[in-house]
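This one's a predicted model, so the numbers in the text were calculated from it and none came from an experiment.
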Amino acid sequence: MGRTDYLDKLNDKQREAAMNTEGPLLILAGAGSGKTGTMTCRIAYLIRELGVHPYNILAVTFTNKAAKEMRDRVQELIGEGVSMWLLTFHSACLRILRYHAELLGYGRDFTVYDPTDQKAVVKRICKDRGIDTKKYPPNYFLSRISHCKEQRVSPGEYSRITGGDYIDRMIGEVYGKYEEVLRKNNAMDFDDLLLKTVELFEKEEEVLLKYRNRFKYIMVDEYQDTNMIQYRFVKLLADARDEQGNPRRNICVVGDDDQCIYQWRGADIRNILEFEKDFPGAKVVKLEQNYRSTANILAAAHSVIEHNRGRKGKKLWTDAGDGSRITYFRADDEREEAGYIASEINRIGGDYKNFAILYRTNAQSRTFEEALSKREIPYRVLGGLRYYDRKEIKDIMCYMRLVQNRADDLALVRIINEPKRGIGGRTIEKLQNKAADTGQSLFDVLLDGETISQLSSKAEEGIKSFAGIIESYGAEKENMRLSDLYDGLLINSGYLKALEVQNTIEAQSRIENLMEFKSVICDYEEEDPNMGLAEFMERIALLADVDNHDSEENAVVLMTLHSAKGLEFPYVFMPGMEDGLFPGWKAFDRPDGLEEERRLCYVGITRAKERLWMTGAVMRTLYGKTDYTRESVFLRELDSRLIEGDGIYEKKVIQTAGAFSDGAAADRPFKPFDLLRYAQQQTKKKVAAMEQAAGESFQRGDRVVHEKFGEGIVQEVEGKVIRVEFADGTKKLALGFANIRKL
């Protein structure tokens with residue numbers, strides 16, 4: 001390659017950015033505008049044309065993959081090994097701390113604790129303090145501790161800031177002890193790598209000056225995703241002066257404010273929006289020429305994102321043709337929506353890997369997996385597992401399997417300590433050895449009082465509770481609707497409660513998936529009200545085992561919109577375009593919530609290269625509740641001239657709880673219905689009703705109604721068991737499990 005041939009491959013704006021090397025520079029790089037090529041050419045220009053030594057350049061990004069790609073491309077341009085620091089934020093900070101840890105009271109050989117190590121530390125602290133880890137799991141504390149470190153809140157400050165109630169004091173105490181343990185063990189966690197480096201720079205001026213003098217040119221990728229600590233790290237290094245004492249500030253940040261979608265993870269959009277305020281005299285170069293999408297797709301993206309107030313002015317354009325308009329389809333329900341998408345994929349044909357289905361929540365994937373499997377279309381789920389392979393779904397299905405078949409040792413081992421019941425690996429091993437010696441099933445061993453009494457009191461208590469739940473539901477499974485049995489297991493096993501108290505994004509996602517599994521059950525109940533547990537489990541097992549393809553296969557990609565950032569596909573489907581789902585209901589609770597959801601919509605639209613479909617459903621069952629929907633506000637913001645298909649500005653709207661009243665409602669304030677919270681409440685109400693029935697007094701001759709068998713007459717009452725004559729025969733029902741009430 002000639003001396004400047006690499007620059008000739010850039011467009012005018014890219015070349016301007018690459019050759020602008022002195023002073024602060026903000027490169028606003030729109031989706032698909034070639035920012036990586038621009039950054040690598042800028043580094044090559046500094047080294048090859050200006051003679052800057054790689055030693056004096058620092059480039060930081062967020063992922064090892066991005067850092068490696070940039071490093072490889074720079075090496076290709078300069079034709080030699082790259083000795084510059086082209087690293088992730090964490091890698092750069094770790095390298096600095098290895099040299100200067102003693103100044104902060106650590107040894108240079110300090111250990112970096114991963115999440116498993118962190119969890120073990122917190123678990124031990126909870127045990128020493130008598131904190132119930134079922135009620136307050138380690139992940140609950142770790143999420144709070146991470147947030148505190150990100151905001152630079154010390155353990156001593158935490159209780160004062162939060163008000164200091166019992167839970168806050170407990171969190172503050174665990175946080176303080178956690179820090180003591182890490183320091184005693186000469187260890188840091190991942191948050192510390194950033195936090196301690198900033199503390200080092202603020203405390204030790206000589207160290208800061210050393211790195212300021214070394215890194216004469218600083219570049220930051222994905223600047224819109226930086227949090228407060230990362231911003232402070234960059235700002236401290238960039239506020240350098242030259243030999244004459246004048247501000248040098250040779251900092252170049254690259255990002256797109258329209259793609260800031262990680263605020264829930266700590267990203268602060270103000271960092272990029274206020275760059276010119278932080279670095280006066282900064283030059284701004286906008287990369288607006290897009291090399292990915294057709295003109296209509298870009299116009300659609302702009303017609304949505306321009307409604308955001310907190311953004312820089314920028315509009316993508318392309319030399320490519322207009323391309324197809326955006327196709328919109330509003331199905332009757334989510335099953336028709338999934339079927340339509342699968343049919344479109346079949347109709348277009350070609351390589352399946354060219355298609356992507358991008359949804360707002362993981363719980364949505366289930367209907368698409370079923371629709372694709374039905375049509376024998378291979379698929380793979382990125383950023384997560386196949387719906388029926390997710391841990392929480394496998395766990396609850398194992399509960400149901402064990403209720404159906406107590407000899408299923410595999411299911412028992414998986415869930416006997418899920419959630420935690422004090423039944424450890426050694427205890428399970430003892431039980432397995434006993435079963436092997438006697439030829440019994442593991443569950444039969446659990447019922448052996450003599451064997452169980454030899455275990456610890458905690459394990460004995462946990463086993464009795466677990467076995468009692470399985471026995472009770474096993475005895476009543478034929479008398480219960482599938483949805484009642486599912487709700488009862490979810491509540492009485494403690495599984496749902498254990499997730500609720502974690503208060504993390506991961507736990508919230510697991511709850512969503514469990515509530516969505518209720519939709520699966522409701523679908524089967526609607527198809528066959530008398531379907532038994534055995535038949536249901538058989539159908540699910542057959543469905544779940546279909547098309548378990550390797551990630552390298554030619555397959556349709558299913559993933560969340562958050563996971564799709566940085567990727568591109570010829571054909572993209574965006575389902576669930578409804579208020580309350582996308583944008584999510586929480587977006588309406590915060591002033592900036594809708595703007596972040598709108599940026600997520602922009603990211604989704606700009607993943608498409610050739611064709612984009614947006615779909616929704618008039619009526620959707622989510623988390624076990626069916627409701628009518630209103631088309632997403634983002635659809636209403638789209639330029640209608642760019643859309644073809646059915647249903648935009650849908651007029652057929654029906655009044656339902658938590659929804660809207662008519663087509664004119666689009667112009668009125670709208671509070672989406674919190675389906676997830678509703679589903680959890682309804683699940684708990686149903687179980688509470690069963691428990692209430694257990695305490696209710698029934699007498700011979702009482703008229704009652706049962707969820708599954710309808711109306712009947714009480715014939716006999718024996719303790720907690722009643723015999724009721726229904727239209728299709730007499731049934732014995734256990735109070736506390738039967739969803740029954742007096743008329």
N554 (side chain) donor-acceptor with D351 (main chain) under 3.5 angstrom: no
Within a strict 4.5 Å, meaning less than it, do heavy atoms of the D319 and Q289 side chains meet? yes
Inspect the surroundings of CZ in R325 and state if more than 12 heavy atoms from other residues, nucleotides or ligands are less than 6.0 Å away. yes
Checking the side chain of T629 only, and the main-chain atoms of A617 only, is there a donor and an acceptor separated by less than 3.5 Å? yes
So, does N227 use its side chain to make a donor-acceptor pair with the main chain of Q230 at under 3.5 Å? yes
Minimum heavy-atom distance E369-L558, with the two atoms named: CG-CD2, 3.9 Å
Within 6.0 Å of NE2 in H307, more than 12 heavy atoms from elsewhere: yes
Are F569 and F355 near enough that their ring centres are under 6.0 Å apart? no
Just to verify, which of R599, R598, H302, K314 counts as forming a side-chain hydrogen bond (donor to acceptor under 3.5 Å, both in side chains) with D258? K314
Looking at E337, E516, E631, which one forms a salt bridge (Lys or Arg N to Asp or Glu O under 4.0 Å) with R620? E337
When you measure from the centre of the six-membered ring of F279, is the NZ or CZ of K235 under 6.0 Å away and within 45° of the axis? yes
Side-chain donor-acceptor pair present, R360, T560, cut-off under 3.5 Å: no
Can you check whether L10's main-chain N or O pairs, donor with acceptor, with R15's side chain at less than 3.5 Å? yes
Between Q14 and E16, does any side-chain donor sit less than 3.5 Å from a side-chain acceptor? no
I want to know whether F582 and F634 have ring centres closer than 6.0 Å. yes
